[in-house]
Amino acid sequence: MKGINLPIRNPGLLKFFRVIAMLILALATFVPFVCVAQPAHVTLAGLAFSGDAATLDQRFPYSRRYENALAKSGQNAYAMIKAAVAQAPSEGLQVTTEQIDELKGRDQALVTSLVVSSEIVSVETFGKLHKLFVLIRGEVLFFDFKAMAIVRSYPLSFAYIDVFDHNPTDEEILVRVRNVYEGAGGKPGIFARYATALANASIPAGVPRFIKVSKISMTPETMATLPAYLKSTPGVAETWAADMVGEAISTRVGVPIVPYIQGHAVGGVMPLRVSDGTVFSLTLPKPDYEVSVDFLGFKKVKFGETAAGTSYVYGSFANIKIEEPLSGTVYMNASIKNGEVKAVPATQTYVDDFPAYYDSLNGMFHKLSDAIAGKGNTWVKSASTAPDIEAQILKTKQLLDLCK
């Protein structure tokens, strides 16, 4: 059928339609520019340490010495973090380096900082060998400078292991701590990991929902397997475990996690000291959802044996529960197990089992988080005895999507 042309004989009406057409064209051209989201403005505060400022040297002895050594050499942690951030620019955030004091009086002033939350440095002796273990954990923290409240937090960590034929000196330990912050063996250190996480972080336009690893329990058998440096001070093992669970969920699923800071967040307020000496007291958000993990134990089983050596399966067992405390709604409540194989050469006279148990435990939460992120449920179906584990995974995924 051919189109029908109806001539408009009224000049006024023709002019009216032309004006309407021009308005529609103008709106079509203008609207796309209006809809483009502007990057959130965030001020970089640099390196900070959580907890009471008076006890920083006792809780972070090597990190503080590293920070002071940088200053004596004419460098500083802030400049190194700034350089790392410049190497990994963010598309969703506009990171600036203005002074924090300049933020006073603004309606909204977001600040980001690399916050070191725990430092573990230990030396264990096995015969003639001395094993040095360094673990630094922290967060990519965002807080509202006006409200003095935490907005978002993404956990991160770096572990470094070295073996000596002598007891390492303080200077040798300090070199390894420096490697943890600056990177070693081609692996990015804490500074670079902060920059990468910052580049991938997002600030929601609306009011977000918060999730936190709130409860950690360990059986006596689990505690007996842990190395001395995780048991020497009350609460260290629980903090280590909570950080491991939170980091797996955050990095694999892509959600922020409210920091687990046992003993340093009284009344929901977390003290924070920035490298320039500024001290803040930040309010922790109350979690909408809580994660509880019961660490049930470990098991070692011989897997195979040849003339070259013996292989073992190192198994770990835990029960994880995710719920909404206000309503009592449970999204996940399942026992999970995971095994990792480790080969021990016949020439090796001493076997340290804990690194293999750690790989098994860490692998458990990484695989579970991958399943929640929608990267396949094959492993989790065999790792859990819960008949509805796939339904639990789906409910948990929908829950965590609300927290992004």
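This structure is a prediction, so every number in the text was calculated from the model and none was measured.
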Student: Under 3.5 Å, is there a donor-acceptor pair between the Glu182 and Tyr66 side chains?
Tutor: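 Yes, Tyr66 and Glu182 have a side-chain donor paired with an acceptor closer than 3.5 Å.
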Student: Given 3.5 Å as the limit, does a donor-acceptor pair link the side chain of Ser73 with the main chain of Leu70, or not?
Tutor: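 Here the side-chain-to-backbone pair exists.
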Student: Do the charged groups of Arg65 and Glu171 touch, with an N to O distance under 4.0 Å?
Tutor: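 Answer for the salt bridge query: yes.
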Student: Would you please test Ile81 and Tyr181 for side-chain contact (heavy atoms from CB on, under 4.5 Å) and show each step?
Tutor: CA-CA 10 Å; Ile81 293 173; Tyr181 279 98; over 6 Å; no
Student: For Lys215, does the NZ atom sit with more than 12 other heavy atoms under 6.0 Å from it, leaving out its own atoms?
Tutor: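 No, because the 6.0 Å sphere around NZ of Lys215 holds 12 heavy atoms or fewer from other groups.
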Student: Under 3.5 Å, side chain of Ser157 to main-chain N/O of Ile136, donor-acceptor pair present?
Tutor: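 Flag not set: sc Ser157 to bb Ile136 has no pair under 3.5 Å.
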Student: Quick one: sort the Phe143 and Phe280 rings into parallel, tilted or perpendicular, breaks at 30° and 60°.
Tutor: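 Plane angle between 30° and 60°, so tilted.
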Student: With the threshold set at 4.0 Å, does a side-chain nitrogen-carboxylate oxygen contact exist between Asp401 and Lys404?
Tutor: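 Looking at Lys404 together with Asp401, the answer is yes, because their closest N to O distance falls below 4.0 Å.
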Student: Rounded to the nearest 0.5 Å, what separation is found between the CD atom of Glu139 and the CG atom of Leu156?
Tutor: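 Taking CD in Glu139 and CG in Leu156, the distance rounds to 7.5 Å.
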Student: Check whether Lys300 reaches the backbone of Tyr312 with its side chain - one donor and one acceptor, N or O, closer than 3.5 Å.
Tutor: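 Here the side-chain-to-backbone pair does not exist.
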Student: Can you confirm whether Lys131 is buried at NZ, in the sense that more than 12 heavy atoms of other residues, nucleotides or ligands lie under 6.0 Å from that atom?
Tutor: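 More than 12 within 6.0 Å, yes.
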Student: Give me the atom names and distance for the closest heavy-atom approach of Gly363 to Asn338.
Tutor: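 Nearest pair, atom of Gly363 first, then Asn338: C-ND2, 3.8 Å.
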Student: Do you know the tightest heavy-atom contact between Ala248 and His366?
Tutor: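 Residues Ala248 and His366, closest heavy atoms: CB-CD2, 3.4 Å.
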Student: Run the side-chain contact (heavy atoms from CB on, under 4.5 Å) test on Thr239 and Tyr260 for me, step by step, so that the C-alpha distance in whole Å, both residues' side-chain angles and the decisive distance to 0.1 Å come before the verdict.
Tutor: CA-CA 7 Å; Thr239 300; Tyr260 179 94; 3.7 Å; yes
Student: Does atom NZ of Lys82 have more than 12 heavy-atom neighbours from other groups under 6.0 Å away?
Tutor: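 No, NZ of Lys82 has 12 or fewer neighbouring heavy atoms, counting only those of other groups under 6.0 Å.
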Student: Near Lys187 NZ, under 6.0 Å, is it more than 12 heavy atoms from other residues, nucleotides or ligands?
Tutor: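 No.
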Student: Using distance alone, with no hydrogens and no angle criterion, decide if Asp359 and Tyr314 have a side-chain donor and acceptor under 3.5 Å apart.
Tutor: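 Asp359 vs Tyr314: no donor-acceptor pair found between side chains.
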Student: For Lys337, I'd like to know if atom NZ has over 12 heavy atoms of other residues, nucleotides or ligands within 6.0 Å.
Tutor: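 Open: at most 12 neighbouring heavy atoms sit under 6.0 Å from NZ of Lys337.
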Student: Tell me whether Ser360 contacts the main-chain N or O of Ala356 through its side chain, where contact means a donor paired with an acceptor under 3.5 Å.
Tutor: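 Not a single qualifying donor-acceptor pair exists.
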Student: Scan side-chain atoms only and decide if Ser217 and Asp294 contain a donor-acceptor pair under the 3.5 Å cut-off.
Tutor: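 Note: Ser217 and Asp294 side chains meet the donor-acceptor criterion.
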Student: What are the two closest non-hydrogen atoms of Ala242 and Ile216, and how far apart are they?
Tutor: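 Scanning both residues completely, I find the closest heavy atoms to be CB-CG1, 3.8 Å.
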Student: Looking only at side chains, do Thr222 and Tyr357 share a donor and an acceptor under 3.5 Å apart?
Tutor: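 Distance-only check fails for Thr222 and Tyr357.
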Student: Looking at Ser311 and Lys342, would you say the former's side chain and the latter's main chain have a donor-acceptor pair under 3.5 Å?
Tutor: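 No, Ser311 side chain to Lys342 backbone: no donor-acceptor pair under 3.5 Å.
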Student: Can you measure from OG (Ser50) to CZ (Phe60) and round to the nearest 0.5 angstrom?
Tutor: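 The OG atom of Ser50 sits 4.5 Å away from the CZ atom of Phe60.
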Student: Decide yes or no on side-chain contact (heavy atoms from CB on, under 4.5 Å) for Leu226 and Met223, but give the supporting numbers first.
Tutor: CA-CA 5 Å; Leu226 300 182; Met223 289 294 292; 3.9 Å; yes
Student: If we ignore hydrogens and angles and just use 3.5 Å, is the side chain of Glu119 paired with the main-chain N or O of Ser63 as donor and acceptor?
Tutor: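 Yes, the answer is positive, given that a donor and an acceptor are paired below the 3.5 Å cut-off.
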Student: Can you find a pair of side-chain heavy atoms, one from Asp370 and one from Trp379, that are under 4.5 Å apart?
Tutor: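 In short, these two side chains do not touch, never coming nearer than 4.5 Å.
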Student: Under 3.5 Å, is there a donor-acceptor pair between the side chain of Ser369 and the main chain of Val253?
Tutor: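 No: the side chain of Ser369 does not pair with the backbone of Val253.
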Student: Kindly check if the number of other-residue, nucleotide or ligand heavy atoms within 6.0 Å of CD (Gln87) is above 12?
Tutor: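 No, because the 6.0 Å sphere around CD of Gln87 holds 12 heavy atoms or fewer from other groups.
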Student: Do the side chains of Phe133 and Leu230 get nearer than 4.5 Å, heavy atoms only?
Tutor: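 In short, these two side chains do not touch, never coming nearer than 4.5 Å.
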Student: Determine yes or no for a side-chain-to-main-chain donor-acceptor pair under 3.5 angstrom, with Ser384 supplying the side chain and Val380 the backbone.
Tutor: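 Checking the backbone N and O of Val380 against the side chain of Ser384, no donor-acceptor pair under 3.5 Å is found.
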Student: Taking all heavy atoms of Lys397 and all of Ile372, pick out the closest pair and write down the distance.
Tutor: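 Lys397 and Ile372 have their closest heavy atoms at CG-O, 3.1 Å.
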Student: Assign the ring pair Tyr331 / Tyr289 to parallel, tilted or perpendicular, where the plane angle (0 to 90°) is split at 30° and 60°.
Tutor: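 Tyr331 vs Tyr289 ring planes: perpendicular.
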Student: Indicate the atoms forming the closest heavy-atom contact of Pro287 with Glu290, along with that distance.
Tutor: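 Taking every non-hydrogen atom into account, CG-OE2, 3.9 Å.
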Student: Any side-chain heavy atom of Ser90 within less than 4.5 Å of one from Leu198?
Tutor: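 When only atoms from C-beta onward are counted, Leu198 and Ser90 do not touch, as no gap falls below 4.5 Å.
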Student: What's the spacing between Leu93 CG and Leu44 CG if we round to 0.5 Å?
Tutor: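 Interatomic distance, Leu93 CG to Leu44 CG, rounded to 0.5 Å: 11.5 Å.
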Student: Please answer whether the main-chain N or O of Ala391 pairs with a side-chain N or O of Asp388 as donor and acceptor at a distance below 3.5 Å.
Tutor: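 A pair under 3.5 Å: no.
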Student: Is there side-chain contact between Pro155 and Asp243, with at least one heavy-atom pair below 4.5 Å?
Tutor: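 Side chain of Pro155 against side chain of Asp243, heavy atoms only: no contact under 4.5 Å found.
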Student: Output yes when a side-chain donor or acceptor of Ser316 lies under 3.5 Å from a complementary backbone atom of Phe298, and no otherwise.
Tutor: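 Checking the backbone N and O of Phe298 against the side chain of Ser316, no donor-acceptor pair under 3.5 Å is found.
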Student: Do Leu141 and Val111 come within less than 4.5 Å of each other through their side chains, counting heavy atoms only?
Tutor: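 Not touching, per the 4.5 Å side-chain cut-off.
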Student: Look at atom CD of Glu91 and say whether more than 12 heavy atoms of other residues, nucleotides or ligands are closer to it than 6.0 Å.
Tutor: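 No, because the 6.0 Å sphere around CD of Glu91 holds 12 heavy atoms or fewer from other groups.
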Student: For the residue pair Phe354 and Tyr358, categorise the inter-ring angle as parallel (less than 30°), tilted (30 to 60°) or perpendicular (more than 60°).
Tutor: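 Aromatic pair Phe354/Tyr358 classed tilted.
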Student: Walk me through whether Glu340 and Lys367 qualify under salt bridge (charged side-chain N to carboxylate O under 4.0 Å, His left out).
Tutor: CA-CA 12 Å; Glu340 301 288 345; Lys367 293 173 184 177; 3.2 Å; yes
Student: In chain order, what residues pass the ring-ring contact (aromatic ring centres under 6.0 Å, His included) check against Phe317, with sequence neighbours excluded?
Tutor: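 Once residues adjacent in sequence are excluded, Phe317 has no partner under the ring-ring contact (aromatic ring centres under 6.0 Å, His included) criterion.
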Student: Less than 4.5 Å apart, side chain to side chain, heavy atoms only: is that true for Ile249 and Leu400?
Tutor: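 Yes. Closest side-chain heavy atoms under 4.5 Å.
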Student: The test is side-chain contact (heavy atoms from CB on, under 4.5 Å); show your working for Phe164 and Thr169 and say whether it passes.
Tutor: CA-CA 10 Å; Phe164 299 81; Thr169 65; over 6 Å; no
Student: For the atom pair CZ (Phe145) and OG1 (Thr43), what is the distance rounded to the nearest 0.5 Å?
Tutor: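 OG1 of Thr43 is found 9.5 Å from CZ of Phe145.
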Student: For the residue pair Asn167 and Glu172, what are the closest heavy atoms and their distance?
Tutor: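 Looking at all heavy atoms of both residues, the closest pair is O-OE1, 4.4 Å.
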Student: Determine whether Arg137 and Trp240 make a side-chain contact, defined as any pair of heavy atoms from C-beta on separated by less than 4.5 Å.
Tutor: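 Yes, side chains in contact.
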Student: At what distance, to the nearest 0.5 angstrom, does CZ of Arg152 lie from CG of Leu110?
Tutor: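 Answer rounded to 0.5 Å: 11.0 Å.
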Student: Does any part of the side chain of Phe365, heavy atoms only, come nearer than 4.5 Å to the side chain of Arg252, both counted from C-beta?
Tutor: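 Answer no - side chains too far apart.
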Student: Measure the CG-CD1 distance between Asn319 and Ile336 for me, rounded to the nearest 0.5 Å.
Tutor: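 That separation rounds to 8.0 Å.
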